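Have a look at the structure below before the remarks.
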Amino acid sequence: MLTAKELRKKYIEFFKSKKHAEILSASLMPENDPSTLFITAGMQPLAPFLLNEKHPAGKRLVNSQKCVRTVDIDDVGDKTHHTFFEMLGHWSLGDYFKDEAIKMSYEFLTQELQLDKNNLAFTVFAGDDNAERDEEAASAWKNLGVSEKRIAYLPKKDNWWEPTGNSGPCGPCTEMFFWTDKSEKVPDVFDPADKRWVEIGNDVLMQYEKIGENKYKIANQKNIDNGTGLERLLAVMNNLDDNYQTDLFWPIIKEIEELSNSKYGEDEETNKQMRIIADHLRAATFIMGDDMGIAPSNVDQGYVVRKLIRRAIRHGRMIGIKENFSHKIAEVVIEIMNEIYPELLRNKKFILDNLMAEEDKFTRTLQEGMKMFHENIKTLKHKNNISGSLAFNLFQTYGFPLELTKELAKENGLEVDEAEFNEEFKKHQELSRTAAAGKFKGGLADHSEKVTQYHTATHLLLAALRKILSEDIAQKGSNITDERMRFDFNWLEKVPEDKLKEVEDLVNQKIIEKIPVEMQELPKEEAIKIVKKLSFDLSKYGDIVKVYLIGDFSAEFCGGPHVKNTSELGHFRIIKEEASSAGVRRIKAVLE
Ligand code: ATP
Ligand code: MG
């Protein structure tokens, strides 16, 4: 059995031997990127470097990135889609391009991993009115010996990557598939619609720049972005068609078997529920285990965690697990993963405490809510819809995530009026980008002017908190939209009004002082001397790092972008200070 640890290492070492520098996985929570709640691909934290920013570690990078894709939640329960997964990735930032990238991918699969060539197939972009058919990619595969029959040409909707919005780097993809059905001979002709062909990796070939709707020009900097699913590749390497049978999941499944007194593999409906439980609690463990201190709540990432935990618990009850169990699963996840992701150990108590509290709470309300649900649907006989207000009531009073109500509705042959639910939800929510609609777009952030301003204001706020409260303040998270900024930091109690006012005044003082914002690329040792508190592990970065300085007031290791002068920020106003989670406070502020 090849272990996940061995495979991760094989991938990273192989690309290191091809002169890629290893970088750390970024946090699961995007920093200063308002477009998504979670990192959905290894490329996302690298977005600034796809245009012309220089990455401190160089032009060739490799890593294993923690990802969460809430949009895949309906597929979870199958054998290959997870909410949380690790994406192995390597990049060329304006260095090698298509031919070399395809050669490297092929060498990795067929030589380093020794996968049977006969089980591989590839897709390339079919071309349309705005961008040409990718004959270059097809030829590159064919030159390596791949048969024409194993290459499928797919349209933009399947084989093209571009950022949200109307500008930014983009281009065709070429995807790599592996035949997973052991009981049947691999077909000669590749049919991508056949689910037994599983996508294991994808090279995005960024050769264009989007300059308007359906308008592209050849990019100045051409990039390669490879994403490879660790869980899927691991299954393939072990001759399995089921990710849950690899060492990443198997101990979790074993624990669920024991708790539920049932066996994995006996009944497909139970198998699916076990997979959902394993997946969701693994994802919840990783989200809460990130250093940002995300706890179950009713907004943003906290809402997603709550939804995942509650859905897992509900499936647990359905397969006969009576006692509180989510923390037991989390312990297994932490056991499997802490060596690679030590933050899980740092935050172990936080994860387990939150799970126990959430499961207690949910168990108590689940019964009451179920009663209310069933009483209400009795009166619905002639209509097919569960009103948005009933769904919202279940959400607010009994903590039922919309997804749960939708599932219950489906089991009873009903539907939920989601539009009405969302309206109700919005009425009750201030300021938050709600997760209720479940729409998390992928891709590049729109680094609009306002976002850049908030980015700089974040540095001013951090420096001001250090001056007024304590030198020990560290950033625990940050989130920016065009309308406001949110900043989390380590502090145990409510910040008194007068202190908050002092912080606000100090930030405004620095804006009035019109201080230039300066970027310096410095040798790591020097940078560390200037930037006193690092919230990152710099050990794996290259020798030269970027530091943003605001006079002698602030110095932070940061990729930018920032305004040129603090005077561009206008007036800074704190609108709220509240608890975010145990030991973490949150400030919401606006620039006006
Ligand atoms: P699929 O069509 O199978 O959902 P995708 O086209 O969404 O895959 P990409 O966006 O190209 O996948 O991501 C790169 C790689 O990450 C994929 O080739 C796959 O191996 C892996 N991957 C993507 N989504 C998931 C998921 N939900 N769970 C596990 N692995 C995934
Ligand atoms: Mg997908």
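The structure displayed is predicted, hence computed values, not measured ones. Order of appearance sets the numbers: ligands from 1, and atoms from 1 within every ligand.
- For the pair R232 and ligand 1, the shortest N or O to N or O distance falls below 3.5 Å.
- The part of E175 lying near ligand 1 is the side chain, judged by heavy-atom distances below 4.0 Å.
- Here F249 and Y264 keep their ring centres 6.0 angstrom or further from each other.
- Residue contact check for ligand 1: G201 places a non-hydrogen atom closer than 4.0 Å to it.
- Side-chain rings of H82 and Y244 approach one another, their centers coming within less than 6.0 Å.
- Close approach of ligand 1 to M87 (heavy-atom distance below 4.0 Å) involves ligand atoms 13 (O), 14 (C), 16 (O).
- Those atoms of ligand 1 that come under 4.0 Å of a heavy atom in N202, given as number and element, are 11 (O).
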Side chain to side chain contact (heavy atoms under 4.5 Å, CB included) between L50 and M206, intermediate numbers included
CA-CA 9 Å; L50 299 175; M206 295 184 201; 3.9 Å; yes
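- Counting heavy atoms under 4.0 Å from ligand 1, residue H81 touches it through both backbone and side chain.
- Distances between N or O atoms of G229 and those of ligand 1 include at least one value under 3.5 Å.
- Each of the atoms 28 (N), 29 (C) of ligand 1 lies under 4.0 Å from some heavy atom of T80.
- The ring of F286 has its center closer than 6.0 angstrom to the ring center of F84.
- Here K272 does not pair with E269 in a salt bridge; the nearest charged N to carboxylate O distance is not below 4.0 Å.
- Between E411 and R314 there is a salt bridge, with a side-chain nitrogen of the basic residue lying less than 4.0 Å from a carboxylate oxygen of the acidic one.
- Counting atoms of ligand 1 from 1 in the listed order, those under 4.0 Å from a heavy atom of D72 are 24 (N), 26 (C), 27 (N).
- Here I200 has backbone heavy atoms under 4.0 Å from ligand 1, and that is the only part of it that gets that close.
- For E255 and K328, the salt-bridge test fails: no basic side-chain N is under 4.0 Å from an acidic carboxylate O.
- Residue contacts with ligand 1, taken as heavy atom pairs separated by less than 4.0 Å, involve H82 via backbone and side-chain atoms alike.
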